[in-house]
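Below you'll find the structure, written out as structure tokens, and then a few comments.
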Amino acid sequence: MTDHEIEQRIKQSVEACTPDVLDKIMSSCTSQSAPAEESTPISSHRRWSFTRMAAIAAILVVIVAASFAFGRMSGAPAGQTSVASVVSLDVNPSIALNLDADAIVLEAAALNADAQEILSGIPLEGSHVNTAVSAIIGSLLSHGYIDELANSILISVEDSDAARGERLSAEITQDINEALSTASVNASVLSQYISGGETDNVGALAQEYGISHGKAALISEIIEANPTYTFAELSALSVNDLNLILSNPKNTVDSVTSSGSASTGAYISSDEALNAALTDAGLTSGDIFDIDVEFDVDHGRMIYDVEFRSGSLEYEYEIDAADGSIVERPWHVQQSEGGVVPPEESAAPSPSPAPQTGNIGAEAARDIALQHAGFSLGDIHDLDIELDHDDGRLQYKVDFNAGFSEYEYEIDAATGTIIEYDIDD
């Protein structure tokens with residue numbers, strides 16, 4: 001390969017990753033003495049973006065040049081060696097790199113549509129894996145897939161040679177952290193090694209759910225730690241959401257190492273989730289103790305598990321992490337006008353309760369449920385209302401569907417008080 005060909009290949013790689021600043025970099029390299037041209041003023045945000053991406057591009061120029069120079073001296077063309085390792089990178093784009101025993105890229109495969117955009121125009125075959133990963137990170141940044149709302153990256157290395165696989169995983173993780181640090185991005189990197197014997201089962205799951213081997217392996221590890229999850233619900237989550245779930249102590253996975261913290265920017269804070277539960281319960285922070293607030297997932301929806309104690313009662317709430325709404329209340333408390341109160345405080349127990357004399361009627365119970373859920377009668381379908389007798393009290397069970405959710409209400413037939421409700425996707 002001639003020097004001119006090397007230069008052209010470097011230029012193609014950097015153009016794909018940092019198209020906004022490449023011209024400035026190339027011109028500064030070839031004509032430092034050229035007079036400055038007048039330009040339209042740009043905002044401080046745009047100038048900061050140019051500076052950050054220019055730094056990435058400059059690093060990639062050096063790394064890519066060194067890699068291709070090494071490839072030219074070694075005379076080892078890609079495609080003539082068997083695959084020794086597979087490195088996958090997952091954000092939302094999922095990319096797989098097939099490597100030979102010297103960590104040279106034999107093939108770069110886009111595993112979904114987003115990944116095709118990331119790899120477009122970047123010639124990675126024949127480069128060292130460190131070069132390829134740096135170029136991919138630059139492209140992910142320039143396309144906006146890594147930011148303050150979703151900053152997690154999953155690196156997975158599949159290799160029958162454990163020592164080589166674990167070494168690759170550590171080196172790639174370090175390269176990514178350095179590249180993102182240069183770009184002033186506070187990212188969280190998850191890394192894992194997958195032995196050759198594990199790939200058959202993981203591969204079948206990856207193919208069934210249309211995800212990478214690495215993401216399938218991570219999900220399998222999470223489910224092994226917490227069997228209450230299903231593969232289907234976890235496979236639909238982003239890597240950043242999976243990283244948030246891993247922050248929950250009940251989902252500890254020893255085989256995955258992590259650096260940095262997953263971004264919570266897309267969700268309410270843990271304090272806001274706790275306050276939502278306290279407001280619903282009619283309590284204040286001074287009334288409670290033994291507080292625990294952790295990320296979790298329920299039917300594919302990110303939630304906070306909020307637990308605390310007040311007096312002799314234990315409260316367990318599920319709070320929607322996106323909007324702070326109540327997904328599930330404690331089973332052992334009931335709703336009243338003053339908030340949620342323990343059932344033993346609402347009425348004295350009686351072995352033979354007297355029959356209730358009042359009844360609001362089925363239509364009134366229906367309207368109470370619809371008003372609480374924020375719907376009109378025309379918004380719902382599959383409405384079902386039943387009058388039931390529970391613990392000496394008449395109550396209406398009002399069930400209906402709206403959108404992709406099912407709503408279930410229990411309403412006191414005498415007072416119209418919502419005893420409890422549940423919303424399921």
Side-chain angles (χ1 to χ4, degrees), residues 208-209 219 222-223 226-238 241-242 244-245 248 250-251 266-268 270 272-274 276-281 292-308 314-336 339-340 343 362-388 390-391 393 395-413 416-425:
E208 179 180 356
Y209 289 94
I219 292 172
I222 295 175
I223 292 176
N226 185 354
T228 61
Y229 297 133
T230 66
F231 202 98
E233 69 177 336
L234 295 188
S235 65
L237 299 182
S238 68
D241 284 346
L242 291 174
L244 289 172
I245 291 173
N248 190 324
K250 71 180 182 182
N251 301 326
Y267 301 114
I268 65 172
S270 58
E272 290 172 317
L274 175 61
L278 291 177
T279 299
D280 186 80
D292 187 39
V293 183
E294 303 288 352
F295 268 106
D296 205 347
V297 62
D298 180 68
H299 294 89
R301 172 169 49 185
M302 292 297 292
I303 62 169
Y304 281 101
D305 278 333
V306 180
E307 301 178 7
F308 53 85
E314 180 178 354
Y315 292 75
E316 298 181 3
Y317 275 88
E318 290 186 1
I319 306 296
D320 192 306
D323 59 19
S325 61
I326 309 296
V327 176
E328 185 173 317
R329 286 188 172 87
W331 66 270
H332 58 274
V333 298
Q334 70 178 41
Q335 178 76 19
S336 73
V340 176
E363 290 186 2
R366 176 202 65 194
D367 293 343
I368 290 170
L370 290 178
Q371 182 179 7
H372 184 271
F375 296 113
S376 64
L377 189 59
D379 298 329
I380 67 170
H381 55 92
D382 295 337
L383 174 66
D384 182 63
I385 305 175
E386 295 180 5
L387 183 62
D388 195 11
D390 188 13
D391 293 332
R393 174 173 55 186
Q395 61 185 37
Y396 283 100
K397 293 185 176 181
V398 182
D399 299 339
F400 58 90
N401 294 337
F404 296 99
S405 298
E406 179 181 359
Y407 294 76
E408 300 176 357
Y409 281 82
E410 291 183 10
I411 298 175
D412 191 304
T417 299
I418 297 175
I419 301 170
E420 67 178 31
Y421 72 95
D422 187 47
I423 305 172
D424 292 324
D425 291 335

pair Y407-I380: side-chain heavy atoms closer than 4.5 Å: no
For L383 and L377, work out which heavy atoms get closest and say how close. CD2-CD1, 4.3 Å
How long is the span from the CD1 atom in I418 to the CZ atom in R329, to the nearest 0.5 Å? 7.5 Å
Treating T279 as the side-chain partner and A276 as the backbone partner, does any N or O pair qualify as donor plus acceptor under 3.5 Å? no
Please answer whether the main-chain N or O of I245 pairs with a side-chain N or O of N251 as donor and acceptor at a distance below 3.5 Å. yes
Side-chain touch I219/Y209, heavy atoms, less than 4.5 angstrom: no
So I411 and Q395, do their side chains get closer than 4.5 Å, heavy atoms only? no
Can you give me the closest heavy-atom contact between D422 and V327, atom names plus distance? OD1-O, 3.7 Å
Atom of I423, atom of S405 and distance for their closest heavy-atom approach: CG2-CB, 4.1 Å
Between E307 and E316 (side chain of the first, backbone of the second, donor and acceptor by atom type, cut-off under 3.5 Å), is there such a pair? no
Of the options E420, H372, R366, K397, which is the one that meets Y409 in a side-chain hydrogen bond (donor to acceptor under 3.5 Å, both in side chains)? H372
Check whether any side-chain N or O of N248 sits under 3.5 Å from a backbone N or O of F295 as a donor-acceptor pair, and report yes or no. yes
When the ring planes of F375 and F400 are compared, do they come out parallel, tilted or perpendicular, using 30° and 60° as the limits? perpendicular
Any idea which heavy atoms bring E233 and T228 closest together, and the distance? OE2-O, 4.2 Å
Let me confirm one number: the CD1-CG distance from I326 to D280, rounded to the nearest 0.5 Å. 4.5 Å
Which atoms form the tightest heavy-atom contact between L234 and L242, and what is the distance? O-CD2, 3.9 Å
Would you please test E410 and D388 for side chain to side chain contact (heavy atoms under 4.5 Å, CB included) and show each step? CA-CA 9 Å; E410 291 183 10; D388 195 11; over 6 Å; no
How about I303 and E328: do any of their side-chain heavy atoms sit closer than 4.5 Å? no
Under 4.5 Å between any side-chain heavy atoms of D298 and D296, yes or no? no
Side-chain donor/acceptor of Y304 to backbone N/O of I268, under 3.5 Å: yes
Decide yes or no for V297 and D241: does some side-chain heavy atom of the first lie under 4.5 Å from some side-chain heavy atom of the second? no
Does the D379 side chain pair with the main chain of S376, one donor and one acceptor, at a distance under 3.5 Å? yes
Give the minimum heavy-atom separation between Y396 and A362, together with the two atoms involved. OH-N, 3.4 Å
Roughly how far apart are N401 CG and E406 CD, rounded to 0.5 Å? 5.0 Å
What is the distance from atom CD of E294 to atom CG of L244, rounded to the nearest 0.5 Å? 11.0 Å
